[in-house]
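Following: one structure in structure tokens, then a few remarks.
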There are 2 protein chains.
Amino acid sequence: MTRTVFEKADVIPLVAEVFRELGYEGATMSKITARTGLSKGSLYHFFPGGKEEMAAEIVADVERWFAKRVFEPLERDDPKEAIAVMWREVDAYFRSGQRICLIGAFALDETRDRFAAAISRYFRRWVDALQDALVRAGVPRGTAAKLAEESVAGIQGGLLLARGLHDESVFARTLAGLEERVSSYLPKPGR
Amino acid sequence: MTRTVFEKADVIPLVAEVFRELGYEGATMSKITARTGLSKGSLYHFFPGGKEEMAAEIVADVERWFAKRVFEPLERDDPKEAIAVMWREVDAYFRSGQRICLIGAFALDETRDRFAAAISRYFRRWVDALQDALVRAGVPRGTAAKLAEESVAGIQGGLLLARGLHDESVFARTLAGLEERVSSYLPKPGR
DNA sequence: GTCTATACTTTGATAGAC
DNA sequence: GTCTATCAAAGTATAGAC
């Protein structure tokens, strides 16, 4: 008999995928046990607070991932390079449009109110970090603010439309279009 | 004693608002009765098929609304004028960012699979109608395709980001940015 | 077309054995 | 740390009176 023993760090991404696919309300305990292979006993062992605690930890985990791979580079590294890294990381994270943004999905219904602070912090930091990088790259502040907001919204919209149309290539084109547009505003050898 | 008697046509927008706010799974019968004031008896009278039938009729209703106010004008009327009408109607429909797109929200989780055909038809027609109008307005086909996809994705992303940030002005800026961008591609007195 | 009362299922959560 | 068994609450849906 094979028995798999998990640590919490292994469990989070597993459960996260279920919430991502089904949404907060759709992710029932029985669906989570069925799709992860973990029993209710195990799940409540890791998350005594139940669903709410699970989702909160998942949101925090997503936030940490983006902070490390996207936000911090934008805030700290060479801006043009960090922006290039962003397009690459975002494409990989969302599996070129096959995956949606869990935090974006939570934002759309009243699930938002449960995690309002974390959700707005996530989007706020993304927009601000991108804007900051653009300014450091030489883009005027006002233009940078517009481009940053447009990019984050565009990414979310591209994911949504790709899913709605059952056509992941929509996301690839969205990302390529945004990258080209942003690049055209970068001074020097950009355009 | 006041007793309100409804017709189905009055009930649909009422119930639609609950689905829009709570999502398909979040919109439980008791929440629907609580928020609409209609009892379960009335609801099952109008929708014998229960939740699934309600949501299907709501999706069809949204589709009809957009067909009449947005898609048909884009397909039929003076293209530049129809595009201008689109920005105006979309802003009004989504209450300048205070409301989200029910069909977009359905697209994000597995609710999509229940209504896959209607959802993809809605987005497909929107993108195609806009592209068609742009072509008729003199924009090259490839550019028009890109702009149309970008606009529909942008609108959805703007709604999502506005909600995530608790800041409806994001949607106003998104819409203004898209309109300006699209206009810049229109020949003649556009730019 | 409205409603309340009821049947039955699923849900979230707990207890306790291994 | 894993699991199964159990419970109260909430879920969908139905029946039938007005």
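Reminder, nothing fancy here: chain letters follow the sequence lines and each chain counts from 1.
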Interatomic distance, [X] [atom1] vs [N] [atom2] [rounded to whole Å]:
| X | N | atom1 | atom2 | result |
| --- | --- | --- | --- | --- |
| I12(B) | dG1(C) | CD1 | P | 13 Å |
| E7(A) | dG1(D) | CD | P | 8 Å |
| F46(A) | dT2(D) | CZ | C1' | 9 Å |
| L43(B) | dT2(C) | CG | C1' | 11 Å |
| K40(A) | dA15(C) | NZ | P | 15 Å |
| H45(A) | dA17(C) | NE2 | P | 18 Å |
| L38(B) | dT2(C) | CG | P | 6 Å |
| R114(B) | dT12(D) | CZ | P | 11 Å |

Heavy atoms from C-beta onward define the side chain here; which of dG1(D), dG1(C), dC3(C) lies closest to that of V5(B)?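 It is dG1(C).
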Which of dG1(C), dA13(C), dT4(C) is nearest the side chain of S39(B)? It is dT4(C)
Classify the angle between the aromatic ring planes of [X] and [Y] as parallel (below 30°), tilted (30 to 60°) or perpendicular (above 60°).
| X | Y | answer |
| --- | --- | --- |
| F106(B) | F19(B) | perpendicular |
| F115(B) | Y24(B) | perpendicular |
| F71(A) | W126(A) | tilted |

Less than 4.0 Å between a side-chain N and a carboxylate O, is that true for [Y] and [X]?
| X | Y | answer |
| --- | --- | --- |
| D61(A) | R64(A) | yes |
| R181(B) | E150(A) | no |
| K31(B) | E25(A) | no |

Output the residues of residues 47-58 of chain A in contact with DNA chain D, where contact means a heavy atom of the residue under 4.0 Å from an atom of the strand; sort by number or write none.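 DNA chain D contact set from residues 47-58 of chain A: none.
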Among residues 14-30 of chain A, which ones have heavy-atom contacts with DNA chain D below 4.0 Å?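 Under 4.0 Å from DNA chain D: no residue of residues 14-30 of chain A.
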TODO: Can you establish whether the number of heavy atoms outside E72(A) located under 6.0 Å from its atom CD is more than 12?
DONE: yes
Just wondering, more than 12 heavy atoms not from E180(B) lying within 6.0 Å of its CD?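 No - once you tally the heavy atoms of other residues, nucleotides and ligands closer than 6.0 Å, there are 12 at most.
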Students should find that the end-to-end axis angle of the helix from dG1(C)-dC18(D) to dC18(C)-dG1(D), with five pairs defining each axis and rounding to 10 degrees, is 10°
Review point. So does S42(B) get a side-chain nitrogen or oxygen closer than 4.0 Å to the phosphate oxygens (OP1/OP2) of dT2(C)?
Key: yes
| Would you say P13(A) and W65(A) make side-chain contact, with heavy atoms under 4.5 Å? | no
Paired with R99(B), the side-chain hydrogen bond (donor to acceptor under 3.5 Å, both in side chains) test is passed by just one of E17(B), E21(B), E168(B), namely E17(B)
d(T33(A) OG1, L43(A) CG) to nearest 0.5 Å is 7.0 Å
